[in-house]
Amino acid sequence: MNLTYPPAAELGLDLNDEILAAQGIRLVDPAPILAHLEERFDFPGDTFDELIFLQASTKVLRVASPPLEITARPAIDRLGIDFLRIDMANPRMTTSAVMTWGARARQNVVDTDVEQCTAFLRRQTITLTSDQIQACTGRGFVVIGHEGYGLGVGFLESTCQDDDNFARVRSMYPRAYAADLDLTSPFGNPS
Amino acid sequence: MTDPAGDREPFQRYRSIIDDWQAFQAALKRPLPTCIWVNPRKTTPSELEHHFNAQGIGFEPIPWRPGAYRLIDVAHPGSRLAYLAGLYQIQEEVSMLPVALMDLQCGQRVFDACAAPGSKTTEIAAALGPTGTLIANDRNFRRMRPLARSLDRLGLTNTAVMVEDATNLSGDIGTFDRLLADVPCSCEGTSRKNMDARTATTDDFGRLNTIQRAILKRCLELARPNARVVYSTCTYAPEENEVIVDDILDEFGESWQLIPARPEGFAASPGLIEWRGQHFDSQLEHALRVYPHHRDSGGFFVAVFQRRCP
């Protein structure tokens, strides 16, 4: 994904470029990001309208809500929330992004049952049903949800029935989050 | 848990100011209820109630705080699906008082001087909505990590986090419409969940008072016209509460006044105007003292400063 960093005015935003630069934050043109997300997840066109996309590291893009009344100093440690991992060949939405906007995705969404959901949250690989597979367009990242709530990102290994990894989804749920669930169940049953 | 002096019942030094000593002591022995508030970024109270009913999670609304609930007999509320999905945040009931008293409005610029670990911070961010800006600060980087995770989980995009010493904050940070000085304190009021909590000592006051006074003072200095500053602690000690507020009123009383800290439907005790022979500004009656038996909660103190019209 080729990211560009136009001045705020070019994006129609009333933000001070010098303040952002002083904080080491670059405003990102959202067009290629939105195109990438629309192609994979078919988000409605207005899903991310109220957000600005920011880059403060080589790993992650963040999103925040304008007008963002910030100053050049003192240094900001963190602005907005993590949105997209960009240090990989195929950028992927972060868990926080899927938790917040994943419910609006219209394809490559897996609505898990209780067993699948629990396994996903424990970072275990899950196997999709034929109905779930039909909601996916092919190998790649999928939104994992339960009863309409976005929970995180999985990687669908294959939609090809002849493949050994057919219908398998690797959990990308963060290790730190999963560790909190070691002794409990998200559904309140004994582990 | 006993007083350092070896008294059988804890917090004896406050016996003369606590309205019902037996009820206070009885409350200290009960487990603290689990309370939550609904994340308006992701759901509504009625949707969450529906979810709780479907999951067999017992709850009762907190009458004075719309969108907040006590959970009934719920083990591991921080591991439930609705929590993981960011539909609610766990927060002690009295800890919701400061934000309720901040009178937050869309578009405001807000400063949280001592944000870690961040439950009040996330409550501010959620109440402020996407058009406001929250600057969340704490001098302890490690204690700020849970805040970052909470902001991510709750999907709150209006917050900038910084790690600065609030007692000595540069004026470059600009001015604010609302400021929260939820200052470091001796934490006596947390004894129902923290077995290490004990009656504060003179050493504690010596260590904390300078910091408490400096943070509150800096917040007043960073305030815009018509601003409001909320000062809070989770301790009973007048030395960390009324004494600090009285000192600041002495210094800033011409431009600041205390307004009643009285959320509708929340009954507690007024601030003190006298403690062990020391008399305080009569405005201290507008402050709020919460003892555990009032709302089956922890202990808390809150005072609301409103800038006087020029």
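The structure displayed is predicted, hence computed values, not measured ones. In the text below, chain A, chain B and the rest are named by the order of the sequence lines, each starting its count at 1.
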Count the heavy atoms of every other residue, nucleotide or ligand shown that sit under 6.0 Å from CG of B:Asn53, and state whether that count exceeds 12.
yes
For chain A, find which of B:Ala148, B:Gly107, B:Gly155, B:Ser170 contributes the most heavy-atom pairs closer than 4.5 angstrom.
B:Ala148
Between atom NZ of B:Lys42 and atom OH of A:Tyr149, what is the distance when rounded to the nearest 0.5 Å?
11.0 Å
Side chain from CB out, backbone as N, CA, C, O: work out which of these in A:Phe83 comes under 4.5 Å of a heavy atom of chain B, or both, or neither.
neither
Over 12 foreign heavy atoms within 6.0 Å of CD, A:Glu115:
no
Enumerate by number any residue of residues 93-100 of chain A whose heavy atoms lie under 4.5 Å from heavy atoms of chain B; in the absence of such residues, state 'none'.
A:Ser96, A:Met99, A:Thr100
With a 4.5 angstrom heavy-atom cut-off, is it the side chain or the backbone of A:Pro66 that approaches chain B, or both, or neither?
backbone
Side chain, backbone, both or neither: which part of B:Tyr83 has a heavy atom under 4.5 Å from chain A?
neither
Is it the side chain or the backbone of B:Thr157 that comes within 4.5 Å of chain A heavy atoms, both, or neither?
both
Could you tell me which of A:Cys117, A:Ala64, A:Gly80, A:Pro74 has the largest number of non-hydrogen atom pairs under 4.5 Å with chain B?
A:Pro74
Using heavy-atom distances under 4.5 Å, tell me whether A:Leu121 contacts chain B through its side chain, its backbone, both, or neither.
side chain
If you round to the nearest 0.5 Å, how far is CG of A:Asp82 from CZ of B:Arg149?
12.5 Å
For A:Asp46, I'd like to know if atom CG has over 12 heavy atoms of other residues, nucleotides or ligands within 6.0 Å.
yes
Under a 4.5 Å heavy-atom cut-off, does chain B meet the side chain of A:Glu50, its backbone, both or neither?
neither
Of the listed A:Glu147, A:Arg73, A:Arg62, the one with the largest count of heavy-atom pairs under 4.5 Å with chain B is A:Arg73
Quick one: does B:Leu81's side chain get under 4.5 Å of A:His146's, heavy atoms only?
yes
Measure B:Ser79 against the heavy atoms of chain A and call it side chain, backbone, both or neither at under 4.5 Å.
both
Gap separating the CD1 atom of B:Ile135 from the CD1 atom of A:Ile76, nearest 0.5 angstrom
5.5 Å
Does atom CD of B:Gln105 have more than 12 heavy-atom neighbours, drawn from other residues, nucleotides or ligands, at distances under 6.0 Å?
yes
Could you tell me the separation between the CD1 atom of B:Ile173 and the CD1 atom of A:Ile70, rounded to the nearest 0.5 Å?
11.0 Å
Given a strict heavy-atom distance threshold of 4.5 Å, which part of B:Ala75 is in contact with chain A: side chain, backbone, both, or neither?
neither
Atom pair CZ (A:Arg78) and CE (B:Met144), whose distance is rounded to the nearest 0.5 Å
10.0 Å
Considering only heavy atoms, which portion of A:Ala176 lies under 4.5 Å from any heavy atom of chain B: side chain, backbone, both, or neither?
both
Taking the side chain as every heavy atom from C-beta outward, state whether B:Asp172 and A:Thr71 have any atom pair closer than 4.5 Å.
no
For chain A, the option from B:Asn158, B:Leu134, B:Thr159 that forms the most heavy-atom pairs under 4.5 Å:
B:Thr159
Shortest non-hydrogen pair, A:Phe187 vs B:Arg80, comes out as O-NH2, 3.6 Å
Tell me, yes or no, whether the heavy-atom count around A:Asp87 atom CG, taken from other residues, nucleotides or ligands under 6.0 Å, exceeds 12.
yes
Answer key: most heavy-atom pairs under 4.5 Å with chain B among A:Leu79, A:Val63, A:Asp77 is A:Asp77
Considering residues, nucleotides and ligands other than B:Asp73, do more than 12 of their heavy atoms fall under 6.0 Å from its CG?
no
Which atoms of A:Ala75 come close to chain B, meaning under 4.5 Å heavy atom to heavy atom: side chain ones, backbone ones, both, or neither?
backbone
How long is the span from the OH atom in A:Tyr177 to the CG atom in B:Asp152, to the nearest 0.5 Å?
5.0 Å
What is the minimum heavy-atom distance between B:Leu156 and A:Ile81, and which atoms define it?
O-CG2, 3.2 Å
Are there residues of residues 122-132 of chain B that reach to under 4.5 Å of chain A by heavy atoms, and which ones?
B:Pro130, B:Thr131
